[in-house]
Chemist: 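The structure under discussion is supplied below as structure tokens; questions concerning it will follow.
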There are 2 protein chains.
Amino acid sequence: MTQIETLPIGELSRQTGCKVQTIRYYEQIGLMPEPARTTGNQRRYDTRHRERLAFIRHSRELGFALAAIRELLGLADDPDCSCETVDDIARTQLLQVDQRIARLSALRTELVRMLEQCRGGRIADCRVIEVLADHTHASCLSQDHEAPTEAGEGRAG
Amino acid sequence: MTQIETLPIGELSRQTGCKVQTIRYYEQIGLMPEPARTTGNQRRYDTRHRERLAFIRHSRELGFALAAIRELLGLADDPDCSCETVDDIARTQLLQVDQRIARLSALRTELVRMLEQCRGGRIADCRVIEVLADHTHASCLSQDHEAPTEAGEGRAG
DNA sequence: TCTAGTAGCTCCAGTAACTGGAGGTTCAAG
DNA sequence: CTTGAACCTCCAGTTACTGGAGCTACTAGA
């Protein structure tokens, strides 16, 4: 019989650009199903695993949280279901991205202003330190209760 | 003698908008100095503490990592030192903010495109799911090794 | 002075999404 | 049969907090 193609974890890692440890982590948290094992207890993956992992990675790159991806995967398994929820999740993600861009832009403005005002010199005269120390300023850049943690961003090295 | 003004932790928390637990956390990691204590072992803060905490909070709001803030605080303590390093830290922060904005904008573009293509309907026809599953696409939004964790963003609620 | 209620204390665990390492086993090529 | 890369499990660490358990201190009113 023709043998179906199976991949060891390192190969799957190479093909998806997802680290070996991360693949095992996804299995551990139930995002990836347990693959078959060799008699020597090593994982062997098939095409379905590869596709699922690619889906996860691409979603992560788009900033979806693992919880959202879990939900998307569940929905994707039911082809007859309406895709309303899927779109909702994506729209929520877009909204969050917009909020973060807005917030970062505000930060940017303040950073630039701060740097422009500093002529360089002694710390005692440094505008940067001064601005940071100025608490009349504090919390005007409200840190609201949003943004769980970002994909791609966050950890990586 | 005139008694100098001292604040219990809750009052400091109110004045700075920094949670009580967070203040204790900053002390634990050595970012805030240990304050005086009452005979009953409760913390009592003075104006210098309040200013330092305000500095920390404002820096966090601008997205500086705690490690950077630690460094800034060290530099701020030496008024005769040149403010080159301070400016460097701020410029690095600006650079990171710029990178994250760029990255988020790219995410945004893809999310919008994805959502626009979906006409709503069955999952089987859903463009969102399709795009996410498409691994020819994967890692074109490179997640580079940057951005430690963001202030204001990240945790909050 | 007693009491109630709020605020404080310490210690520990959990969050998100991984990453890295120790210490040991398996696989595939030569 | 040997060698070296790849694999295994388990555990701890990362960032910047947050929350809770179980206990103590402080303060205002009766």
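The sequence lines fix the lettering, A, B, ..., with proteins before strands; numbering per chain opens at 1. Values in this document were obtained by computation on a predicted structure and should not be read as measured data.
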Chemist: Does the pair A:Arg127/A:Glu130 count as a salt bridge with the N-to-O cut at 4.0 Å?
Modeler: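 Salt bridge present between A:Arg127 and A:Glu130.
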Chemist: Output the single nucleotide from C:dC9, D:dG19, C:dC18 whose closest atom is nearest the side chain of B:Arg24.
Modeler: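 Out of C:dC9, D:dG19, C:dC18, the nucleotide with an atom closest to B:Arg24's side chain is C:dC9.
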Chemist: What is the separation between atom CZ on A:Arg43 and atom C1' on C:dC27, rounded to the nearest whole Å?
Modeler: 16 Å
Chemist: Quick one: which of D:dC8, D:dC17, C:dT10 gets closest to the side chain of B:Asn41?
Modeler: C:dT10
Chemist: For a quick check under 3.5 Å, do B:Arg52 and B:Tyr45 share a side-chain donor-acceptor pair by atom type?
Modeler: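 No, no side-chain donor-acceptor contact under 3.5 Å.
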Chemist: What integer distance in Å separates B:Arg60:CZ from D:dA16:P?
Modeler: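 Rounded to whole Å, this separation is 5 Å.
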Chemist: Send over the distance from A:Arg44 CZ to C:dT26 P, rounded to a whole Å.
Modeler: 13 Å
Chemist: With the side chain of B:Ala65 defined as its heavy atoms from C-beta on, choose the nearest nucleotide among D:dA16, C:dC27, D:dC26.
Modeler: D:dA16
Chemist: Nearest to the B:Thr39 side chain among C:dG8, D:dC26, D:dC17, which nucleotide is it?
Modeler: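 The nucleotide sitting nearest to the side chain is D:dC26.
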Chemist: If I compare all heavy atoms of A:Arg24 with all of A:Arg43, which pair ends up nearest, and what's the gap?
Modeler: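 Smallest interatomic distance, heavy atoms only, reads CD-NH1, 3.4 Å.
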Chemist: Would you mind telling me which residue lines up with the more 5' stretch of DNA chain D, B:Leu66 or B:Gln42, judged by nearest nucleotide?
Modeler: B:Leu66
Chemist: Of the listed nucleotides (C:dC9, D:dC17, D:dC26), which one gets closest to any side-chain atom of B:Ile9?
Modeler: C:dC9
Chemist: Under a 4.0 Å N-O cut-off, is there an ion pair linking A:Glu11 with A:Arg14?
Modeler: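 A salt bridge is present here (some side-chain N lies under 4.0 Å from a carboxylate O).
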Chemist: Whole angstroms only, please: what is the CD-P distance between A:Glu34 and D:dC8?
Modeler: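 Those two atoms, CD and P, are 12 Å apart.
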Chemist: Considering every strand and a 4.0 Å limit on heavy-atom distances, what is the contact class for B:Arg37: base, sugar-phosphate, or nothing?
Modeler: sugar-phosphate
Chemist: Hey, which of these two, B:Thr38 or A:Tyr45, hits DNA chain D nearer its 5' end, going by closest nucleotide?
Modeler: A:Tyr45
